[in-house]
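Taking it in order: structure first as structure tokens, then the write-up.
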Protein chains: 2
Amino acid sequence: MTATAGQCCAPIAREPLSETDAAELAVLLKAVADPVRLRLLSMIGSHAGGEACVCDLTDAFDLTAPTISHHLKVLRTAGLIDCERRGTWVYYWIIPAAVARLGALFTPLAEPATA
Amino acid sequence: MTATAGQCCAPIAREPLSETDAAELAVLLKAVADPVRLRLLSMIGSHAGGEACVCDLTDAFDLTAPTISHHLKVLRTAGLIDCERRGTWVYYWIIPAAVARLGALFTPLAEPATA
DNA sequence: GAACTAATTTGACATACCTCTAATCAGTTG
DNA sequence: CAACTGATTAGAGGTATGTCAAATTAGTTC
């Protein structure tokens, strides 16, 4: 990463994204660019205690357990969430720093261009 | 949209995203979840005057003109950019409100979960 | 340890996506 | 208007993605 030190990579609007930064961020965005995974992420993030059990997540969709498991793996591989097994159940939680990178990417663009 | 009035849809971390919100946002995110389109967006957004000519954009990549044109169309269809023909050249600019939606989605998640 | 529940892995299939070449549309200029 | 440059559209090919059924792994309980 040729990122600006600290928070995240260079915000999208200040200077052109480097080729490597763009490739890296695209991986992160691809992980999130799916309706099911977006909902999973928000369900985990808004769940009481900051954790959610797979069983709860699976029940909320009209999809099979393997499909949900697949989507969770995509999010985990991207570094957006992590999980731990506790007895019979597996719990997932969000990694705030990873999500913050995405927020920091777009926020500077909210300001209209130097008209 | 069952969005919270004003800025954007419900931020991802406060309450679970509705099915329709998730579907709609996924479309927006899919448009951005590609290294070439991310760079295009940042090149347009950081360009002096807030506009960029297609010819400049095309030259920055090792891709053919039709491919760049395709990516620009994806971004435009998603509502993230708009364009105008002026004589021989076509100029693109960013639609700040659309990009702001993405920023607002993730920013609330930056704060670590209610530990 | 046998039977059961929770979750993941594997393999397959249909669809979507990225890229290219070839052809077309839009404007300018001799 | 013919020739040229800039940009998009159309069509094709190879790869990646989302989903499921079947099989496997992990833990609990009788």
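Computed from a predicted structure; not experimentally measured. Note on naming: letters A, B, ... go to the chains in the order of the sequence lines (proteins, then strands), and numbering restarts at 1 for each one.
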Hey, can you pull the donor-acceptor pairs under 3.5 Å for the side chains in residues 49-61 of chain B, sequence neighbours left out?
from    : atom 1 : to      : atom 2 : distance (Å)
B/Glu51 : OE1    : B/Arg86 : NH2    : 2.6
B/Glu51 : OE2    : B/Arg86 : NH2    : 3.4
B/Thr58 : OG1    : B/Val54 : O      : 3.0

Any pair with a residue in residues 28-37 of chain B that passes salt bridge (Lys or Arg N to Asp or Glu O under 4.0 Å), sequence neighbours left out, goes on the list, sorted by first then second residue, please. none
Give me the other members of the hydrophobic cluster that B/Val74 sits in, counting Ile, Leu, Val, Met, Phe, Trp and Tyr linked by side-chain heavy atoms under 4.5 Å, directly or via other members. none
Consider the side chain of B/Cys55, meaning its heavy atoms from C-beta on, and name the nucleotide among D/dA7, D/dT5, D/dT28 that approaches it most closely. D/dA7
Flag side-chain contact, heavy atom, 4.5 Å: A/Arg101 against A/Glu24: yes
Which pairs, protein N/O on one side and nucleotides 11-14 of chain D N/O on the other, fall under 3.5 Å?
none

Distance below 4.0 Å between B/Thr88 side-chain N/O and D/dG6 OP1 or OP2: no
Contacts of A/Arg76 that satisfy side-chain contact (heavy atoms from CB on, under 4.5 Å) - sequence neighbours left out: A/Ile81, A/Asp82, A/Cys83, A/Tyr92
Hey, where on DNA chain C does chain B first and last touch, going 5' to 3'? Cut-off is any atom under 4.0 Å from a heavy atom. C/dC17 to C/dT28
Has A/Arg86 got a side-chain N or O lying under 4.0 Å from the OP1 or OP2 atom of D/dG27? no
Selection: residues 60-67 of chain A, any non-hydrogen atom under 4.0 Å of DNA chain C: A/Ala65, A/Pro66
Just how large is the angle between the end axes of the helix from C/dG1-D/dC30 to C/dG30-D/dC1, five pairs per end, to 10 degrees? 10°
Name the nucleic acid region contacted by B/Tyr92, choosing base, sugar-phosphate or nothing; use a 4.0 angstrom heavy-atom cut-off, strictly under. sugar-phosphate
Please walk me through it: do B/Leu38 and A/Leu105 pass side chain to side chain contact (heavy atoms under 4.5 Å, CB included)? CA-CA 10 Å; B/Leu38 254 190; A/Leu105 223 207; 4.3 Å; yes
The correct set of residues in residues 74-85 of chain B placing a heavy atom under 4.0 Å from DNA chain D is B/Arg85
So if you build clusters from Ile, Leu, Val, Met, Phe, Trp, Tyr with side-chain heavy-atom gaps below 4.5 Å, do A/Trp93 and A/Leu28 land together? no
Got a sec, which residues hit side-chain contact (heavy atoms from CB on, under 4.5 Å) with A/Thr67, two or more places apart in sequence or on another chain? A/Leu63, A/Thr64, A/His71
Touch class at under 4.0 angstrom, heavy-atom based, for A/His70 against every strand present: base
Which residue pairs pass the salt bridge (Lys or Arg N to Asp or Glu O under 4.0 Å) test when at least one of the two sits in residues 90-99 of chain A, sequence neighbours left out? none
Quick one: hydrophobic cluster around A/Tyr91, which other residues, with the 4.5 Å side-chain cut-off, linked directly or via members? A/Trp89
Specify the closest pair of heavy atoms between A/Leu80 and A/Ala98, including all atoms of both residues, with the distance to one decimal. CD2-CB, 3.8 Å
